[in-house]
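Heads up, the thing below is written out as structure tokens.
Given the structure is predicted, the values throughout are model-derived calculations rather than measurements. Counting convention: from 1, in listed order, for ligands and their atoms alike.
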Amino acid sequence: PEPQFEADPTKKTLVVLGTGWGSVALLKKLDTENYNVVVVSPRNYFLFTPLLPSCTTGTIEHRSIMEPVRTILRHKKAAVKFYEAEASSIDPERKVIKIVDSSEVKGATSETEIPYDMLVIGVGAENATFGIPGVRENSCFLKEIGDAQQIRKKIMDCVETAAFKGQTVEEVDRLMHMVVVGGGPTGVEFAGELQDFFEEDIKKLVPEISPRFKVTLIEALPNVLPSFSKQLIDYTENTLREEKIDIKTKTMVKRVTETTVEAEVSRPDGGKERMTIPYGLLVWATGNAVRPIIKDLILRIPAQKDSRRGLAVNEYLVVQGTRDIWAIGDCAVAGYAPTAQVASQEGNFLARLFNNMAKTETHEARIQELSSKLNLQSGNSAEAAQEIESLERQLRRIKDIKPFRYSHQGSLAYIGSEKAVADVSWWNGNLATGGSMTYFFWRSAYLSMCFSTRNRVLVILDWLKSKAFGRDVSRE
Ligand code: FAD
Ligand code: NAD
């Protein structure tokens, strides 16, 4: 029988916010018998984000990279309570969080409070728009499953509308122009997937308008993929150009309308030029911004007054200025890049820390019990003294937890036409490679990282399916 959740008054209540990379890594390794564990997230599944760009074109079906949180929690030794809700505020004084059911179906109760003894915040980040006018209203983003579905639908809507009888040439050009803003890994991977979709499927299925299809990638900095090595940046830019993706670097988008992007280009002579680019689909991928719940918490904690990019944490991931709140992943500032790799290592670290903290408490309680027995001279005192000594030895080892240190395994990105780039740690040095072999490495690495065997099998089947039959272009 499955374990039933009943809050045990002798145990501390550990509330975990989010079901992303950080929180799920924590839940996977946490010994749930030690705490009353409560998970709150508006998303009742874990999302394997590295393969999200492939869902925008149907290379992979979205459910293949989702893992229901209830399936994950079912395998834990002690039951864990899950609430599909958004935490709307955190009160560190009263040690309670407020939660709201933000889903479509609401019951008579859709807002309540949860008290905590320990709180882990893993709510991730939201999309940065830098307040640029028109972005929120007119762009698609690429962070959640719904975003990928919306993009997939919109690509085909643009294609079918461009193929409409009597469409003017100018309008066909606009509709078939797919603009991606942000040359970070999200923007580059999406542009690559889009070009593949066009080359492998749209060209065959809608040949009459295919010469007008164009992908433009706009980046404010002088290069795309700024976090990769120079050699891989050059390789990526050359490959994207070969794929006929138009890369516009040193170009900063300043305004977006329903049909155009207005950008400022820095000329080599240092001057600036304004350009207007008509588009059919606009995907905005300019990185992360802080979520409102985190902004609100920052204002409540005086020690966080200088925090701008997220919650400042110490080397044990404790939120600075608090005692029992930890933050992991994209909402925490620990000195590392906002990546899945960092978030999951942080989650693993907290699981070890919490497992050890629970052991410490049990050992300390036992030592106290034995010591009072010794003081009362009851029972076998030599045996008790020996047990105390052994427990103290174990305690010293448990308490000696080293602070969190991130170990970088490398960076990988797909760049289209079955090529990928990889900056990986190799022995004691770094290896920078790009090309078709790297693509196979990329595929195997991501497959091995998938959450479950079920996900792995589904992803392989999707790859085979789209290769054999082409991508499904029905507009749902
Ligand atoms: P997330 O994984 O974003 O999870 C946040 C969770 O919190 C979600 O479950 C969300 O629903 C929940 N939540 C939100 N608000 C609330 C609230 N108010 N209350 C409770 N819960 C809330 N990184 C890599 O290392 N390698 C890659 O290849 C890679 N590819 C990527 C591709 C794409 C398209 C994207 C968008 C990102 C990619 N990343 C990659 C980055 C990586 O996904 C993030 O760094 C990672 O998801 C951060 O993990 P997290 O746990 O902090 O947040
Ligand atoms: P990012 O922050 O890495 O890149 C955003 C880019 O947008 C920047 O290069 C920035 O200069 C540009 N930009 C910002 N404003 C602009 C404007 N107005 N006009 C034009 N360009 C503008 O964002 P991301 O690609 O979404 O990645 C977010 C995080 O997730 C990063 O840490 C990244 O490493 C990680 N990630 C990793 C992978 C991977 O490893 N394959 C894939 C996706 C995301």
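- Side-chain contact of Arg152 with Thr57: a donor-acceptor pair under 3.5 Å is absent, judged by distance alone.
- The aromatic rings of Phe213 and Phe198 sit parallel, their planes meeting at an angle under 30°, below the 60° perpendicular limit.
- Close approach to Gly122 involves these atoms of ligand 1, each under 4.0 Å from a residue heavy atom: 5 (C), 6 (C), 7 (O).
- Of all atoms in ligand 1, listed by their number and element, those nearer than 4.0 Å to a heavy atom of Thr19 are 6 (C), 8 (C), 9 (O).
- If you check which protein heavy atom lies closest to atom 39 (C) of ligand 2, you get Leu412 O, 3.3 Å.
- Remark: the Ser452 side chain and the Glu67 side chain contain an N/O donor-acceptor pair separated by less than 3.5 Å.
- The closest protein non-hydrogen atom to atom 44 (C) of ligand 1 is Asp330 OD2, 3.4 Å.
- The single protein non-hydrogen atom nearest to atom 23 (O) of ligand 2 is Gly287 CA, 3.3 Å, given as residue, atom name and distance.
- Between atom 18 (N) of ligand 1 and the options Ser88, Ala337, Gly20, Ala87, the minimum heavy-atom separation is to Ala87.
- In this structure, Tyr336 and Phe404 have perpendicular ring planes: the angle between them is above 60°, well past the 30° mark.
- In the vicinity of Gly329, heavy-atom distances shorter than 4.0 Å reach the ligand 1 atoms 52 (O).
- No side-chain N or O of Glu346 forms a donor-acceptor pair with one of Tyr406 less than 3.5 Å apart.
- Ion pair Lys154/Asp157 not flagged as a salt bridge, since none of the NZ, NE, NH1 or NH2 atoms sits closer than 4.0 Å to an Asp/Glu carboxylate oxygen.
- In this structure, a donor-acceptor pair under 3.5 Å is absent between the side chains of Tyr35 and Asn355.
- Each of the atoms 27 (C), 28 (O) of ligand 1 lies under 4.0 Å from some heavy atom of Tyr446.
- Of all heavy-atom pairs spanning Gln320 and Val313, the tightest one is NE2-O, 3.5 Å.
- The shortest heavy-atom distance from Ala285 to ligand 2 is under 4.0 Å.
- Comparing Ile293, Val123, Ile90, Leu412 against atom 7 (O) of ligand 1, the shortest heavy-atom distance belongs to Val123.
- Residue contacts with ligand 2 include Thr251, since one or more of its heavy atoms lies under 4.0 Å from the ligand.
- Of the protein's heavy atoms, Val253 O, 3.3 Å lies nearest to atom 18 (N) of ligand 2.
- Looking at heavy atoms from C-beta onward, Ile72 lies in side-chain contact with Val24 at the 4.5 angstrom threshold.
- The shortest contact between atom 29 (C) of ligand 1 and any protein heavy atom is with Pro50 CG, 4.0 Å.
- In terms of polar-atom proximity, Leu17 is not counted as a contact of ligand 1, lacking any N or O under 3.5 Å from an N or O of the ligand.
- Regarding atom 7 (O) of ligand 2, its nearest protein heavy-atom neighbour is Gly182 CA, 3.3 Å.
- Those atoms of ligand 1 with a heavy atom of Leu142 less than 4.0 angstrom away are 34 (C), 36 (C).
- Inspection of the Thr49 and Trp21 side chains reveals an N or O donor paired with an N or O acceptor under 3.5 Å.
- Just one residue in the list Val120, Val15, Leu317, Leu119 forms a side chain to side chain contact (heavy atoms under 4.5 Å, CB included) with Ile325, and that residue is Leu119.
- Put simply, no part of Phe190 is less than 4.0 Å from ligand 1, judged by heavy atoms.
- Those atoms of ligand 1 with a heavy atom of Gln341 less than 4.0 angstrom away are 25 (O).
- For Lys254, no heavy-atom contact with ligand 2 is shorter than 4.0 Å.
- Every atom of ligand 2 is numbered from 1 in the order shown, and the set under 4.0 Å from a heavy atom of Gly184 is 3 (O), 4 (O), 6 (C), 25 (O).
- Protein heavy atom nearest atom 16 (C) of ligand 2, with residue, atom name and distance: Thr286 CG2, 3.7 Å.
- Of the protein's non-hydrogen atoms, Ala340 N, 3.0 Å is the one closest to atom 25 (O) of ligand 1.
- The nearest heavy-atom contact from the protein to atom 3 (O) of ligand 1 is Gly124 CA, 4.1 Å.
- Heavy-atom separations between Tyr446 and ligand 2 include at least one value shorter than 4.0 Å.
- Taking any N or O of Pro338, backbone or side chain, at least one lies under 3.5 Å from an N or O belonging to ligand 1.
- Around atom CD of Glu137, more than 12 heavy atoms belonging to other residues, nucleotides or ligands sit under 6.0 Å away.
- Glu219 OE1, 2.7 Å is the protein heavy atom nearest to atom 9 (O) of ligand 2.
- Of the listed options Val180, Thr186, Ile218, Thr186 places a heavy atom closest to atom 26 (O) of ligand 2.
- A donor-acceptor contact closer than 3.5 angstrom is absent between the side chains of Thr276 and Glu262.
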| query | Can Lys153 and Glu476 be said to form a side-chain contact (heavy atoms from CB on, under 4.5 Å), step by step? | reply | CA-CA 7 Å; Lys153 206 164 152 179; Glu476 279 176 277; 5.5 Å; no
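- Taking 4.5 Å as the limit, some side-chain heavy atom of Leu311 sits within range of a side-chain heavy atom of Gln304.
- Heavy-atom proximity to Glu86, at under 4.0 Å, picks out these atoms of ligand 1: 17 (C), 18 (N), 19 (N).
- Heavy-atom proximity to Ile132, at under 4.0 Å, picks out these atoms of ligand 2: 18 (N).
- Between Arg43 and Glu144, at least one side-chain nitrogen of the basic residue sits less than 4.0 Å from a carboxylate oxygen of the acidic one, meeting the salt-bridge criterion.
- At the top of the distance list for atom 46 (C) of ligand 1, counting protein heavy atoms only, stands Trp21 CD1, 3.6 Å.
- For the ring pair (Phe, Tyr, Trp, His ring centres under 6.0 Å) criterion with Trp326, the lone passing option out of Tyr316, Phe354, Tyr116 is Phe354.
- Between Ser102 and Glu86, the side chains place a donor N or O and an acceptor N or O closer than 3.5 Å (distance only, hydrogens not considered).
- Among all non-hydrogen protein atoms, the one lying nearest atom 3 (O) of ligand 2 is Pro185 CD, 3.6 Å.
- With Val123 as the fixed residue, the side chain to side chain contact (heavy atoms under 4.5 Å, CB included) test singles out one of Ile328, Ile293, Asp330: Ile293.
- Under the 3.5 Å distance criterion, with hydrogens and angles disregarded, no donor-acceptor pair is assigned to the side chains of Thr109 and Glu111.
- Put simply, no part of Tyr414 is less than 4.0 Å from ligand 2, judged by heavy atoms.
- The shortest contact between atom 43 (O) of ligand 1 and any protein heavy atom is with Thr49 OG1, 2.6 Å.
- There is a side-chain donor-acceptor pair under 3.5 Å between Ser229 and Asp423.
- Protein heavy atom at the shortest distance from atom 30 (O) of ligand 2 is Pro338 O, 3.5 Å.
- The shortest N or O to N or O distance between Ala220 and ligand 2 is below 3.5 Å.
- Within ligand 2, the atoms closer than 4.0 Å to a non-hydrogen atom of Val181 are 19 (N), 20 (C), numbered from 1 in the order shown.
- With ligand atoms numbered from 1 in the order given, ligand 1 contributes 14 (C), 15 (N) to contacts under 4.0 Å with heavy atoms of Arg291.
- Of the listed residues (Gly187, Ser102, Pro42), the one carrying the non-hydrogen atom nearest atom 21 (N) of ligand 1 is Pro42.
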